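Just below is one structure, and these are the notes that go with it.
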2 protein chains.
Amino acid sequence: MPAPGKATINDIARLAAVSKKTVSRVINNSPLVRPDTREKIQTLMKQLGYAPDPQARGLAFRRSFLIGLVYDNPTAQYIVNMQYGALDALRDSGYELVVHPCDSNRDDYIDGIRRFALQQKLHGVILIPRVSEDDQLARALREIDVRYVRIASIPLDDPAHMLHTQERQAGVEAANYLQSLGHRQLGLITGPHRYRSSIERGGGFAHGLAQRGIELTPDYVFEGGYTFESGVAGAEYLLAKSPRPTAIFACNDEMAAGVYKAAMRRGLSIPGDLSVVGYDDSPLATQLWPALTTIHSPIRDLGRQAAQMLLAPEHAPAPTQPLSVTPHLVVRDSSQPPPV
Amino acid sequence: MPAPGKATINDIARLAAVSKKTVSRVINNSPLVRPDTREKIQTLMKQLGYAPDPQARGLAFRRSFLIGLVYDNPTAQYIVNMQYGALDALRDSGYELVVHPCDSNRDDYIDGIRRFALQQKLHGVILIPRVSEDDQLARALREIDVRYVRIASIPLDDPAHMLHTQERQAGVEAANYLQSLGHRQLGLITGPHRYRSSIERGGGFAHGLAQRGIELTPDYVFEGGYTFESGVAGAEYLLAKSPRPTAIFACNDEMAAGVYKAAMRRGLSIPGDLSVVGYDDSPLATQLWPALTTIHSPIRDLGRQAAQMLLAPEHAPAPTQPLSVTPHLVVRDSSQPPPV
DNA sequence: CTGAAAGCGCTTACAG
DNA sequence: CTGAAAGCGCTTACAG
């Protein structure tokens, strides 16, 4: 009797009086096993606490049971939620999650990911913005025949490889909300233009306003860097304008926190003098005072869906439309109608 | 000529006109290879972009090249920094990092980790508070002969398995600092008593004050839950006392943010009326206004050291004293001498 | 210092 | 529906 957790396919085969090939069939859910044989084997596996060795299986299969999570530099909360989501889907699947941050500013970064995928014979890879926006990376993965899912704010790839975050739509929602409160003089602090998400969030906001007949002139738009300091700078800029905006939409919460600082320094009260809406619903949002109205994206769901897509059977029917996930506005205490 | 990244030990052996055992010796840095043979083989490996297959190696070695990172529920920033640190040490080592969150409130959680370690034949495991504080888990890992490193605020294990965070010392430093500013009436918001870190941080603070002749009476100590809301509650409690404390030490930044909220609601200015010191130096610390004075711990260094310990040669001399890492106070804008 | 044989724990390809 | 043989890409144990 082998030690618990140490049994091999040979132990099971011997005890079940079948060949190891039959045990293998049970492991791999082959239909070509008589029901009673299958049951006998499954019982035995449970009794011995048997789990097939992923390395041996991987060696024979010529690929591993590892999913890679590849990202450049999102916020900590984003990464962690994504990991939790992916792990939700991988639980009890026999697959494990290997984290692989990278620096997409290095011109050999794709090579690093290729080597990673090749050497570990990854089953698949989840790509998060902004690396997910890189078509060259996607092509490199296709070339070496590694499955991948790209999480992005626009449909950049086949539906089978895409998870769409609908950030533009969320920008529209922020615009509609502020308009409905009665704001007419708005300010926008975007992220860097090289981030597709920034363009979508800000673009959606401007579009939403335009739909309701409010013009957002370019001098009320400030390009930030998704950082606290750039939020401060953006707010300094916008709050010095005349007429002063009564509401500011910042394309992430960190910049929104910067807006708080600039407003407080000027003695402006939030939301009395200025409404602020952020994006991300980071932990910060509820820890600021007043609590921040912001856009919540179901990041964990994204991670779960991405992992599920990678685990789907090889020839499962591909969706005709990219799967997507819908962010929504969370109203807290940083927004109200403009002062009269 | 095999495709790049697809060569095997057999290709190398054939092209070098040696046996694959000799190639294996080069891979494993055996000294039993003639220098010129070694060099010929190494050149060939580089030319073909050869990297040994970790699964095949693992199968033969009876253990994998995976390091597990096991944690319950620390903050996102902590997890991510720990991961970056561990990956710093693993880079180009052939080892990969597999993340494994768990729920230490479930009574079968140790079993889950055991199965994970056993099935993946992990090379080693990094344990973060609070799972690192669980002796039963450590024992379980020892029983199945899996290497582990425990990161904790007190030396719970052999030096070879410990990384000591010196949180008590940091608590003392916070006390000394506030005392030196002239504060005599202090308040303390601790974390939950079931967290060892909370006891050390708070205990160090009280001890530091006592050393300088300042008594911290129990009614000026509030047991929080490391959450924002508990920080608010703690501050509500402390600020209602008479005499009112002129400074509060919160055992993490999230609770310190809660103190901000409570103070602002009461119309107290920070740091004019109340000094606040936090712990963690989370992103929040610089995004609050005023920026928070807090304790910075080199989490990434911790992760790096932990991984290095796991990679150390099997019979490397163990340290006689646990390795440790020293946090330090970062003074920002939330602290100043008490009002006169 | 080097190598031929056997084996790690699985699966593939084939046969029945 | 089931199995014997060969192989995945490495290392161990042994021999020289």
Side-chain angles (χ1 to χ4, degrees), chain A residues 2-3 5-42 44-45 48-66 94-95 118-123 314, chain B residues 2-3 5-42 44-45 48-66 94-95 118-123 314:
Chain A
K6 299 276 191 185
T8 72
I9 198 173
N10 289 307
D11 298 315
I12 306 291
R14 185 167 31 79
L15 292 166
V18 298
S19 77
K20 61 189 196 184
K21 178 60 213 175
T22 298
V23 180
S24 172
R25 286 199 179 87
V26 172
I27 293 171
N28 293 290
N29 289 314
S30 158
L32 303 174
V33 182
R34 265 195 7 233
D36 56 329
T37 310
R38 175 188 308 279
E39 197 168 345
K40 180 169 64 176
I41 292 174
Q42 281 173 334
L44 223 38
M45 297 198 302
L48 298 194
Y50 169 74
D53 182 332
Q55 306 202 74
R57 235 148 85 86
L59 185 59
F61 269 139
R62 288 156 191 79
R63 64 170 183 68
S64 72
F65 293 85
L66 301 176
Y95 288 81
L118 229 34
Q119 186 179 8
Q120 299 297 326
K121 301 218 196 78
L122 294 182
H123 174 84
E314 189 84 48
Chain B
K6 298 277 191 181
T8 72
I9 198 173
N10 288 308
D11 298 315
I12 305 292
R14 186 168 30 79
L15 292 166
V18 299
S19 77
K20 61 188 196 183
K21 177 61 214 174
T22 299
V23 179
S24 172
R25 288 198 178 89
V26 172
I27 292 171
N28 293 291
N29 291 315
S30 158
L32 303 175
V33 182
R34 267 198 3 237
D36 55 329
T37 310
R38 176 187 306 280
E39 196 168 344
K40 181 169 63 175
I41 292 173
Q42 280 172 335
L44 222 39
M45 296 198 304
L48 297 195
Y50 169 74
D53 181 332
Q55 305 202 73
R57 235 148 84 86
L59 185 58
F61 270 139
R62 290 159 191 75
R63 63 170 185 66
S64 73
F65 292 86
L66 301 176
Y95 288 81
L118 230 33
Q119 186 178 8
Q120 299 299 326
K121 299 218 198 77
L122 294 183
H123 174 84
E314 188 83 48

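Lettering of chains follows the sequences in order, A, B, ..., and the numbering in each one begins at 1. What's counted below: heavy atoms across the whole structure, side chains too, no hydrogens, waters or symmetry copies. Computed from a predicted structure; not experimentally measured.
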Taking the side chain as everything from C-beta on, heavy atoms only, tell me whether [X] gets closer than 4.5 Å to [Y].
X: B:Met45; Y: B:Ile41; value: yes
X: A:Ile12; Y: A:Val26; value: no
X: B:Tyr50; Y: B:Ile27; value: yes
X: A:Asn28; Y: A:Phe61; value: yes
X: A:Leu48; Y: A:Leu15; value: yes

| query | For B:Arg57 and D:dT11, is the shortest distance between a side-chain N/O and OP1 or OP2 below 4.0 Å? | reply | yes
| query | Is any side-chain N or O of A:Thr37 closer than 4.0 Å to OP1 or OP2 of D:dT2? | reply | yes
| query | For DNA chain C, whose closest nucleotide is more 5', that of B:Lys121 or that of A:Arg62? | reply | B:Lys121
Nearest-angstrom distance from the residue atom [atom1] of [X] to [atom2] of [N]:
X: B:Ile41; N: C:dG3; atom1: CD1; atom2: C1'; answer: 12 Å
X: A:Leu59; N: D:dT11; atom1: CG; atom2: C1'; answer: 12 Å
X: A:Ile9; N: C:dG9; atom1: CD1; atom2: C1'; answer: 7 Å
X: A:Asn10; N: D:dG3; atom1: CG; atom2: C1'; answer: 13 Å
X: A:Phe61; N: C:dG9; atom1: CZ; atom2: P; answer: 17 Å
X: B:Gln120; N: C:dG9; atom1: CD; atom2: C1'; answer: 14 Å
X: A:Asp53; N: C:dT11; atom1: CG; atom2: P; answer: 10 Å

Short side-chain to backbone donor-acceptor contact, [X] and [Y], under 3.5 Å:
X: B:Ser64; Y: B:Lys121; result: yes
X: B:Arg38; Y: B:Ser30; result: yes
X: B:Asp53; Y: B:Gln55; result: yes

| query | Taking a pair as Watson-Crick (N1 to N3 plus N6-O4 or O6-N4) or G-U wobble (N1-O2 and O6-N3), both under 3.5 Å, which stems of 3 or more consecutive pairs involve DNA chain D? | reply | C:1-3 with D:14-16, C:5-12 with D:5-12, C:14-16 with D:1-3
| task | For DNA chain C, find the residues of residues 18-33 of chain B with a heavy-atom distance under 4.0 Å and give them by number; none if there aren't any. | result | B:Val18, B:Ser19, B:Lys21, B:Thr22, B:Arg25, B:Pro31, B:Leu32, B:Val33
| Short N-O contact, B:Asp11 and B:Lys6, less than 4.0 angstrom | no
